Amino acid sequence: MTSDVGTSQWVAAFRRRVRRWYRLHGRELPWKEDADPYSVWVREIMLQQTTVAAVVPYLEKFLDEFPTVTSLAQASEEAVLRVWEGLGYYSRARNLHRAATMIVEEWEGVWPRSADAIECLPGVGRYTASAIASFAFDEAAPIVEANTLRLYSRLLGMVDDPARASGQKQLWAFAERVVPPARPGQFNQALMDLGATVCRSEPLCEECPVRLNCQAFRLGITSRVPMRRRRARITELHETAVVIKRSGDVLMIRYSEEGRWPGLWGFPLISRARGETLDQPTTILDLVREMRARGIDIEFCRQLGEFRHGVTRFRIHLQAADVSWVDGEWNGGERAEWIPIDELSRRPLSVPGRQVAQWIRKPA
DNA sequence: AATACGGGGCA
DNA sequence: TGCCCAGTATT
């Protein structure tokens, strides 16, 4: 019956159907058997707002490089960011590193077992804490994330905005009711697999083991539940990455905490007006002036390349300028270093930064 | 309550 | 292209 969503009878039948479906159709994820708290933690952080396909190679490399929480704590933040490079949301990597230090120094490397305690770690919110507690420590902790949010919303026939406080409250309350005392981690995994493969954005209801438990299915509103959120408008940015060379070295800055890519290294970026390009003398004059304002006299050589890159709600139209140093020191505010070109691979760069670095080696 | 934070996968 | 992704922290 669907009229009794959440009652104990409903929950019992729901759990049975989900478990059975999972035995037959659950995803074969590479970490399926790995319940070690450290690796659960690392992968849950990586999976925040990031697809499984994107995470797999990064997780393998990360655990290879930092196999234990101690090794992670002992590493430099830059080394951690270097392994994270290209995965995005870099504050995750920095929080991971900080949290490793906390675990080692304050807790002597021993994990707290409860979700509440785990949630004290930086970068760990309610979902991630529950995931770790249920996967690694068999705590019956409820989860709500992208996959389960869709699933629960539809089961409940929830027409409220799931992002709002009242929607969130209903979803977490539902999660608390369905998570079972026995093997809660496996059950949570089953819920996510069901959400990911069947209760997708465009749901495959004919394959769903719990469609008769689903209010949205019964009402024929699965395509409108959960309510979609409208996206933020994209802002176009036109920027120039300035590659300043001085006898085999290139000037790199460490992006500050306030702006984009905090903690990553990169090239000085200046903005252009829309339509300005490096084949225009006025653009080049602007470039020279902008760099002089940051302490460095340069001579423009040529354009290195150009491409488009999306970062959160911005789309950056990037051109790179190959220039040579004439005089002066960087006083643009950021930490700066002259780095031999063949050592760029050792620094953590953003994706556009890495692209520009490739152009330096092999001009496009 | 709204916004910032990245980048890739896929139709 | 546009939508979506095992969210969290900050304003």
Side-chain angles (χ1 to χ4, degrees), chain A residues 26-27 29-32 39-59 81 84-96 98-99 118-135 141-152 161-169 171-172 175 185 188-197 199-203 223 226 228-235 237 255 257-264 266 307-316 348-355:
Chain A
R27 290 180 290 182
L29 297 171
W31 48 76
K32 196 171 178 184
S39 50
V40 170
W41 171 51
V42 172
R43 82 184 181 233
E44 287 304 333
I45 300 293
M46 281 195 176
L47 284 161
Q48 289 170 0
Q49 292 291 287
T50 308
T51 54
V52 168
V55 163
V56 168
Y58 278 88
L59 182 65
L81 283 170
W84 205 272
E85 183 185 296
L87 195 56
Y89 285 129
Y90 298 98
S91 65
R92 293 182 296 175
R94 307 176 75 196
N95 283 332
L96 203 58
R98 278 207 297 141
I118 294 167
E119 199 173 341
C120 297
L121 294 171
V124 175
R126 186 164 181 193
Y127 162 74
T128 304
S130 276
I132 297 169
S134 64
F135 294 148
I143 57 163
V144 179
E145 41 65 73
N147 300 300
T148 43
L149 181 147
R150 267 194 316 277
L151 177 63
Y152 305 162
D161 184 343
R164 306 284 287 272
S166 82
Q168 283 287 304
K169 194 173 167 187
L171 293 168
W172 282 102
N188 281 340
Q189 184 63 57
L191 292 172
M192 286 194 283
D193 282 15
L194 186 57
T197 61
C199 200
R200 307 189 303 199
S201 191
E202 289 301 325
S223 64
R228 309 271 218 268
R229 275 237 274 181
R230 62 172 173 70
R231 300 186 346 279
R233 290 274 163 272
I234 297 294
T235 304
L237 297 178
Y255 295 127
E257 304 299 319
E258 297 79 43
R260 283 199 302 264
W261 304 306
L264 297 191
F307 82 128
R308 208 172 56 197
H309 180 72
V311 29
T312 58
R313 47 174 285 266
F314 301 99
R315 183 159 45 224
I316 306 173
L349 269 49
S350 62
V351 162
R354 185 59 65 198
Q355 176 63 255

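Remember, predicted model here, so these are calculated numbers, not experimental data. Here is how names work: the chains are called A, B, and so on, in the same order as the sequence lines, proteins then strands, and each is numbered from 1.
When rounded to the nearest whole Å, the span between CD1 of A/Ile45 and P of C/dC5 equals 19 Å. Rounded to whole Å, atom C1' of C/dA6 lies 12 Å from atom CG of A/Leu149. Rounded to whole Å, atom C1' of B/dA1 lies 11 Å from atom CG of A/Asp161. One interatomic measurement links the two molecules: CD1 of A/Ile118 to P of C/dG7, which rounds to 17 Å at whole-angstrom precision. Atom C1' of nucleotide C/dA6 and atom NZ of A/Lys32 are separated by 16 Å, given to the nearest angstrom. Taking atom CD on A/Glu44 and atom P on C/dG7, their separation rounds to 9 Å, with Å as the unit. With rounding to whole Å, A/Met192 atom CE is found 20 Å from C/dC4 atom P. In this structure, CE of A/Met46 is placed 14 Å from C1' of C/dA6, rounded to the nearest angstrom.
Within 4.0 Å (heavy atoms only), A/Ala196 reaches no atom of the nucleic acid at all. In this structure, A/Gly195 reaches neither bases nor backbone, as no heavy-atom distance under 4.0 Å exists between it and the strands shown. Nucleic acid contact class of A/Arg228 (heavy atoms, under 4.0 Å, all strands): sugar-phosphate only. The residue A/Trp31 sits close to a base: some heavy atom pair falls under 4.0 Å. Looking at heavy-atom distances under 4.0 Å, A/Arg308 makes contact with sugar-phosphate atoms alone, never a base. Across all strands shown, A/Thr128 has heavy atoms under 4.0 Å from sugar-phosphate atoms exclusively, and none from any base. In this structure, A/Leu29 reaches the bases: a heavy-atom distance under 4.0 Å links it to at least one base atom across the strands shown.
The salt bridge (Lys or Arg N to Asp or Glu O under 4.0 Å) pairs that include a residue from residues 47-58 of chain A number zero, where partners must be two or more places apart or lie in different chains.
Residues passing the side-chain hydrogen bond (donor to acceptor under 3.5 Å, both in side chains) test with A/Thr51: none are found, sequence neighbours excluded. With sequence neighbours excluded, the residues forming a salt bridge (Lys or Arg N to Asp or Glu O under 4.0 Å) with A/Arg315 are A/Glu236, listed by chain and number. Remark: A/Thr235 engages A/Leu237, A/Arg313, A/Phe314 in a side-chain contact (heavy atoms from CB on, under 4.5 Å) (not counting sequence neighbours). Residues forming a side-chain hydrogen bond (donor to acceptor under 3.5 Å, both in side chains) with A/Ser134 (at least two apart in sequence, or on another chain): A/Asn188. Under the side-chain hydrogen bond (donor to acceptor under 3.5 Å, both in side chains) criterion, A/Gln189 pairs with A/Asp193, sequence neighbours left out. In this structure, A/Glu258 has no salt bridge (Lys or Arg N to Asp or Glu O under 4.0 Å) partners at least two apart in sequence or on a different chain. For A/Tyr58, the side-chain contact (heavy atoms from CB on, under 4.5 Å) partners are A/Met46, A/Leu87, not counting sequence neighbours. In this view, A/Tyr127 satisfies the ring-ring contact (aromatic ring centres under 6.0 Å, His included) rule with no residue, not counting sequence neighbours.
Distance check on atom P: C/dT10 versus B/dG6 gives 14 Å, rounded to whole Å. Nucleotides B/dC5 and C/dC5 are separated by 14 Å at their C1' atoms, to the nearest Å. Using atom P as the reference point in both B/dC10 and C/dA6, the two lie 12 Å apart (nearest Å).
Donor-acceptor pairing under 3.5 Å is recorded for the side chains of A/Arg98 and A/Asn95. A/Ser350 and A/Arg260 share no donor-acceptor pair across their side chains, judged by distance under 3.5 Å alone.
Note that the CD1 atom of A/Ile143 and the CG atom of A/Leu149 stand 11.0 Å from one another [nearest 0.5 Å]. A distance of 6.5 Å separates CD of A/Gln48 from CZ of A/Arg92, quoted to the nearest 0.5 Å.
The 5' end of DNA chain C is approached more closely, in terms of each residue's nearest nucleotide, by A/Ser201 than by the other of A/Ser201 and A/Ala146.
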Show the distances under 3.5 angstrom between N or O atoms of the protein and N or O atoms of nucleotides 3-6 of chain B.
unit_1	atom_1	unit_2	atom_2	d
B/dA4	OP1	A/Arg313	NH1	3.4
B/dC5	N3	A/Tyr89	OH	3.3
B/dG6	OP1	A/Tyr89	N	3.4
B/dG6	OP1	A/Tyr90	N	2.6
B/dG6	O4'	A/Tyr89	N	3.0
B/dG6	O6	A/Tyr89	OH	2.8
B/dG6	N1	A/Gln49	O	3.1
B/dG6	N2	A/Gln49	O	3.3
B/dG6	N2	A/Thr50	OG1	3.0

List every contact pair, protein side and nucleotides 9-11 of chain B side both N or O, where the distance is under 3.5 Å.
none

Enumerate the protein-to-nucleotides 9-11 of chain C contacts in which both atoms are nitrogen or oxygen and the separation is below 3.5 Å.
unit_1	atom_1	unit_2	atom_2	d
C/dA9	OP1	A/Gly123	N	2.6

